[in-house]
**Student:** 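Quick one: the structure is below, questions incoming.
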Amino acid sequence: MQTENHHNAVADITLPPWRREEIISIAVDTLLAIKTGTDIKAHIRSEGIVLREYSAFGPENLKKLQEDFPKHHWKAGFFCQETDPQTGKICRIIVYNDSYNETIQLHIILHEYGHAVLRHTEQCILAEQEALCFAVVMMLLLKLDDAFSLRSMFHNNKILQSGGAMKHVSA
(Lines give C-alpha, C1' and ligand atoms only; values in the text may rest on other atoms or scores of the structure.)
Protein backbone atom coordinates (compact mmCIF):
# COMPACT_ATOMS: atom_id res chain seq x y z
CA MET A 1 0.00 0.00 0.00
CA GLN A 2 3.01 2.27 0.30
CA THR A 3 5.86 2.63 -2.18
CA GLU A 4 8.01 -0.46 -2.75
CA ASN A 5 11.13 1.06 -1.13
CA HIS A 6 9.08 2.13 1.89
CA HIS A 7 7.49 -1.32 2.17
CA ASN A 8 10.90 -3.04 2.00
CA ALA A 9 12.34 -0.72 4.65
CA VAL A 10 9.39 -1.38 6.98
CA ALA A 11 9.75 -5.13 6.44
CA ASP A 12 13.42 -4.93 7.49
CA ILE A 13 12.53 -3.53 10.94
CA THR A 14 11.75 -6.04 13.67
CA LEU A 15 10.01 -4.74 16.74
CA PRO A 16 11.40 -6.05 20.03
CA PRO A 17 9.11 -8.56 21.77
CA TRP A 18 8.31 -6.15 24.63
CA ARG A 19 7.07 -3.52 22.14
CA ARG A 20 4.98 -6.04 20.22
CA GLU A 21 3.40 -7.10 23.53
CA GLU A 22 2.68 -3.45 24.37
CA ILE A 23 1.01 -2.89 21.01
CA ILE A 24 -1.05 -6.08 21.38
CA SER A 25 -2.16 -4.89 24.84
CA ILE A 26 -3.08 -1.46 23.42
CA ALA A 27 -5.06 -3.17 20.63
CA VAL A 28 -6.94 -5.33 23.16
CA ASP A 29 -7.72 -2.24 25.26
CA THR A 30 -8.89 -0.48 22.09
CA LEU A 31 -11.18 -3.39 21.23
CA LEU A 32 -12.62 -3.38 24.74
CA ALA A 33 -13.27 0.38 24.50
CA ILE A 34 -15.50 -0.09 21.46
CA LYS A 35 -19.12 -0.12 22.60
CA THR A 36 -21.08 -3.23 21.65
CA GLY A 37 -22.88 -2.68 18.36
CA THR A 38 -20.48 0.08 17.32
CA ASP A 39 -18.30 -0.45 14.28
CA ILE A 40 -14.67 0.62 14.20
CA LYS A 41 -15.32 3.68 12.02
CA ALA A 42 -17.94 4.97 14.45
CA HIS A 43 -15.54 4.33 17.34
CA ILE A 44 -12.76 6.26 15.62
CA ARG A 45 -15.15 9.16 15.00
CA SER A 46 -16.17 9.06 18.68
CA GLU A 47 -12.47 9.60 19.49
CA GLY A 48 -12.69 12.94 17.64
CA ILE A 49 -10.95 11.77 14.49
CA VAL A 50 -12.49 12.70 11.16
CA LEU A 51 -12.53 9.95 8.52
CA ARG A 52 -12.48 11.05 4.87
CA GLU A 53 -12.37 9.01 1.70
CA TYR A 54 -10.31 10.30 -1.18
CA SER A 55 -13.48 10.57 -3.27
CA ALA A 56 -14.92 13.01 -0.69
CA PHE A 57 -12.41 15.65 -1.77
CA GLY A 58 -12.86 17.88 -4.78
CA PRO A 59 -9.92 18.20 -7.19
CA GLU A 60 -8.86 21.58 -5.71
CA ASN A 61 -8.77 20.14 -2.17
CA LEU A 62 -6.78 17.09 -3.27
CA LYS A 63 -4.26 19.33 -5.02
CA LYS A 64 -3.73 21.32 -1.81
CA LEU A 65 -3.40 18.15 0.29
CA GLN A 66 -0.95 16.65 -2.20
CA GLU A 67 1.19 19.76 -1.90
CA ASP A 68 1.13 19.56 1.90
CA PHE A 69 1.92 15.84 2.24
CA PRO A 70 4.59 13.62 0.70
CA LYS A 71 3.49 11.80 -2.44
CA HIS A 72 3.99 8.25 -1.12
CA HIS A 73 1.07 8.72 1.28
CA TRP A 74 -1.40 9.10 -1.51
CA LYS A 75 -1.70 5.51 -2.61
CA ALA A 76 -3.27 4.24 0.63
CA GLY A 77 -3.95 6.90 3.24
CA PHE A 78 -2.52 9.09 5.95
CA PHE A 79 -3.15 10.44 9.42
CA CYS A 80 -2.79 14.14 10.09
CA GLN A 81 -2.90 15.98 13.38
CA GLU A 82 -2.77 19.77 13.30
CA THR A 83 -3.57 22.52 15.75
CA ASP A 84 -6.08 25.07 14.51
CA PRO A 85 -4.23 28.40 14.74
CA GLN A 86 -7.41 30.31 15.54
CA THR A 87 -8.99 28.05 18.17
CA GLY A 88 -5.97 26.07 19.41
CA LYS A 89 -8.06 22.92 19.03
CA ILE A 90 -6.29 19.78 17.82
CA CYS A 91 -7.79 18.58 14.54
CA ARG A 92 -7.18 14.93 13.62
CA ILE A 93 -8.08 13.32 10.32
CA ILE A 94 -7.56 9.99 8.61
CA VAL A 95 -7.74 10.16 4.83
CA TYR A 96 -7.98 6.80 3.06
CA ASN A 97 -8.24 5.52 -0.48
CA ASP A 98 -11.79 4.29 -0.94
CA SER A 99 -11.09 2.68 -4.32
CA TYR A 100 -9.81 -0.46 -2.55
CA ASN A 101 -12.10 -3.25 -1.31
CA GLU A 102 -13.56 -3.02 2.21
CA THR A 103 -10.91 -5.25 3.81
CA ILE A 104 -8.03 -3.19 2.47
CA GLN A 105 -9.81 0.04 3.41
CA LEU A 106 -10.22 -1.29 6.96
CA HIS A 107 -6.52 -2.18 7.12
CA ILE A 108 -5.56 1.32 5.91
CA ILE A 109 -7.89 2.97 8.43
CA LEU A 110 -6.59 0.81 11.30
CA HIS A 111 -2.99 1.47 10.28
CA GLU A 112 -3.58 5.22 10.32
CA TYR A 113 -5.59 4.96 13.55
CA GLY A 114 -2.61 3.10 14.99
CA HIS A 115 -0.51 6.23 14.46
CA ALA A 116 -3.05 8.17 16.52
CA VAL A 117 -3.42 5.57 19.28
CA LEU A 118 0.34 5.05 19.55
CA ARG A 119 0.84 8.85 19.63
CA HIS A 120 3.31 8.98 16.78
CA THR A 121 4.57 12.49 16.22
CA GLU A 122 6.79 11.96 13.21
CA GLN A 123 6.92 9.73 10.20
CA CYS A 124 9.66 7.13 10.40
CA ILE A 125 10.14 3.47 9.60
CA LEU A 126 9.71 2.42 13.25
CA ALA A 127 6.38 4.28 13.50
CA GLU A 128 5.22 2.59 10.30
CA GLN A 129 6.14 -0.84 11.68
CA GLU A 130 4.31 -0.15 14.93
CA ALA A 131 1.20 1.09 13.09
CA LEU A 132 1.32 -1.99 10.87
CA CYS A 133 1.52 -4.25 13.94
CA PHE A 134 -1.44 -2.43 15.51
CA ALA A 135 -3.52 -2.73 12.32
CA VAL A 136 -2.84 -6.45 11.91
CA VAL A 137 -3.64 -7.21 15.56
CA MET A 138 -6.82 -5.08 15.45
CA MET A 139 -8.01 -6.79 12.26
CA LEU A 140 -7.49 -10.18 13.91
CA LEU A 141 -9.23 -9.10 17.12
CA LEU A 142 -12.19 -7.64 15.22
CA LYS A 143 -12.54 -10.86 13.19
CA LEU A 144 -12.37 -12.98 16.35
CA ASP A 145 -14.87 -10.70 18.07
CA ASP A 146 -17.30 -11.16 15.17
CA ALA A 147 -16.90 -14.93 15.23
CA PHE A 148 -16.63 -15.64 18.96
CA SER A 149 -17.83 -12.53 20.86
CA LEU A 150 -14.26 -11.92 22.00
CA ARG A 151 -15.14 -8.74 23.90
CA SER A 152 -17.62 -10.65 26.07
CA MET A 153 -14.97 -13.28 26.83
CA PHE A 154 -12.43 -10.58 27.79
CA HIS A 155 -14.97 -8.79 29.99
CA ASN A 156 -16.03 -12.05 31.67
CA ASN A 157 -12.39 -12.98 32.25
CA LYS A 158 -11.72 -9.58 33.88
CA ILE A 159 -14.74 -10.07 36.16
CA LEU A 160 -13.48 -13.51 37.20
CA GLN A 161 -9.96 -12.19 37.81
CA SER A 162 -11.28 -9.36 39.98
CA GLY A 163 -13.43 -11.74 42.02
CA GLY A 164 -16.63 -10.09 40.78
CA ALA A 165 -18.26 -13.34 39.71
CA MET A 166 -17.47 -14.99 43.04
CA LYS A 167 -19.12 -12.13 44.93
CA HIS A 168 -22.35 -12.74 43.03
CA VAL A 169 -22.17 -16.51 43.62
CA SER A 170 -21.69 -16.22 47.37
CA ALA A 171 -24.31 -13.52 47.87
Side-chain angles (χ1 to χ4, degrees), residues 1-51 69-83 90 92-97 100-166:
M1 285 178 257
Q2 301 282 343
T3 62
E4 189 174 329
N5 289 340
H6 176 83
H7 180 72
N8 290 340
V10 170
D12 289 342
I13 298 288
T14 302
L15 294 175
W18 64 267
R19 185 57 177 155
R20 286 192 309 262
E21 289 173 15
E22 266 184 353
I23 293 169
I24 291 168
S25 178
I26 291 167
V28 168
D29 289 344
T30 301
L31 177 73
L32 294 176
I34 301 171
K35 292 178 185 165
T36 304
T38 303
D39 73 357
I40 189 67
K41 287 182 181 179
H43 174 75
I44 292 169
R45 286 185 189 104
S46 76
E47 297 282 314
I49 300 173
V50 176
L51 290 172
F69 294 94
K71 192 74 169 165
H72 72 269
H73 288 285
W74 286 92
K75 188 165 183 183
F78 66 90
F79 170 71
C80 175
Q81 180 169 297
E82 299 284 329
T83 303
I90 295 176
R92 302 183 303 167
I93 184 170
I94 292 173
V95 179
Y96 64 97
N97 189 335
Y100 291 112
N101 69 46
E102 283 186 36
T103 302
I104 294 173
Q105 286 181 44
L106 178 61
H107 175 76
I108 293 166
I109 291 166
L110 289 171
H111 174 94
E112 300 308 332
Y113 183 51
H115 288 300
V117 169
L118 299 170
R119 294 188 168 95
H120 292 153
T121 57
E122 61 184 50
Q123 183 182 356
C124 65
I125 298 300
L126 183 59
E128 290 302 313
Q129 184 67 28
E130 290 183 353
L132 176 64
C133 180
F134 177 84
V136 169
V137 172
M138 279 301 299
M139 289 197 66
L140 178 62
L141 290 173
L142 290 167
K143 212 45 157 166
L144 290 170
D145 188 46
D146 284 346
F148 304 109
S149 301
L150 193 60
R151 279 183 274 181
S152 295
M153 291 192 316
F154 275 124
H155 287 300
N156 290 341
N157 191 29
K158 285 189 177 200
I159 290 170
L160 288 173
Q161 287 176 350
S162 68
M166 297 308 289

**Student:** To the nearest 0.5 Å, how far apart are CD in E112 and OH in Y96?
**Tutor:**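 Between E112 CD and Y96 OH, I get 12.0 Å after rounding to 0.5 Å.
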**Student:** Considering only heavy atoms from C-beta outward, does the side chain of I40 approach that of I109 to under 4.5 Å?
**Tutor:** no
**Student:** Mind checking the CG-CD spacing from L106 to E102? Nearest 0.5 Å is all I need.
**Tutor:**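 Here the interatomic distance stands at 9.0 Å.
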**Student:** Out of curiosity, Q129 CD to C124 SG, how far, rounded to the nearest 0.5 Å?
**Tutor:** 11.0 Å
**Student:** For the backbone of E21 and the side chain of S25, can you confirm whether one donor and one acceptor N or O come within less than 3.5 Å of each other?
**Tutor:**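 No, S25 side chain to E21 backbone: no donor-acceptor pair under 3.5 Å.
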**Student:** Any heavy-atom pair between the side chains of E128 and Q123 that's under 4.5 Å?
**Tutor:** yes
**Student:** If every non-hydrogen atom of F79 is compared with every non-hydrogen atom of R92, which pair is closest and at what distance?
**Tutor:**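 Taking every non-hydrogen atom into account, CE1-CB, 3.9 Å.
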**Student:** Nearest 0.5 Å, what's the CH2-CD1 distance between W18 and I23?
**Tutor:**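 That separation rounds to 8.5 Å.
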**Student:** Any chance you could measure I49, atom CD1, to I94, atom CD1, to the nearest 0.5 Å?
**Tutor:**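 If we round to the nearest 0.5 Å, I49:CD1 and I94:CD1 are 5.0 Å apart.
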**Student:** Under 3.5 Å, sequence neighbours excluded: what are the donor-acceptor pairs made by side chains of residues 130-144?
**Tutor:**
residue: E130; atom: OE1; partner: R19; partner atom: NH2; Å: 3.1
residue: E130; atom: OE1; partner: H120; partner atom: NE2; Å: 2.8
residue: E130; atom: OE2; partner: R19; partner atom: NE; Å: 2.9

**Student:** Which heavy-atom pair separates H43 from I34 by the least distance, and what is that distance?
**Tutor:**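 The answer is CG-CG1, 3.5 Å.
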**Student:** Tell me whether the rings of H111 and H107 are parallel (<30°), tilted (30 to 60°) or perpendicular (>60°).
**Tutor:**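 Plane angle between 30° and 60°, so tilted.
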**Student:** Please list, chain by chain and in numerical order, all residues satisfying side-chain contact (heavy atoms from CB on, under 4.5 Å) with D146, sequence neighbours excluded.
**Tutor:** none
**Student:** What closest approach, in Å, do D145 and L150 show between heavy atoms, and which atom pair accounts for it?
**Tutor:**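 Minimum heavy-atom separation between D145 and L150: OD1-N, 3.0 Å.
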**Student:** Under the side-chain contact (heavy atoms from CB on, under 4.5 Å) rule, collect the residues that match up with A42, sequence neighbours excluded.
**Tutor:**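 In terms of side-chain contact (heavy atoms from CB on, under 4.5 Å), with neighbours along the sequence ignored, A42 is linked to T38, D39.
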**Student:** Provide the closest heavy-atom pair for Q105 versus Y100 in the form atom of the first, atom of the second, distance.
**Tutor:** NE2-O, 2.6 Å
**Student:** For R45, check side-chain contact (heavy atoms from CB on, under 4.5 Å) against everything at least two apart and list the hits.
**Tutor:** K41, L51
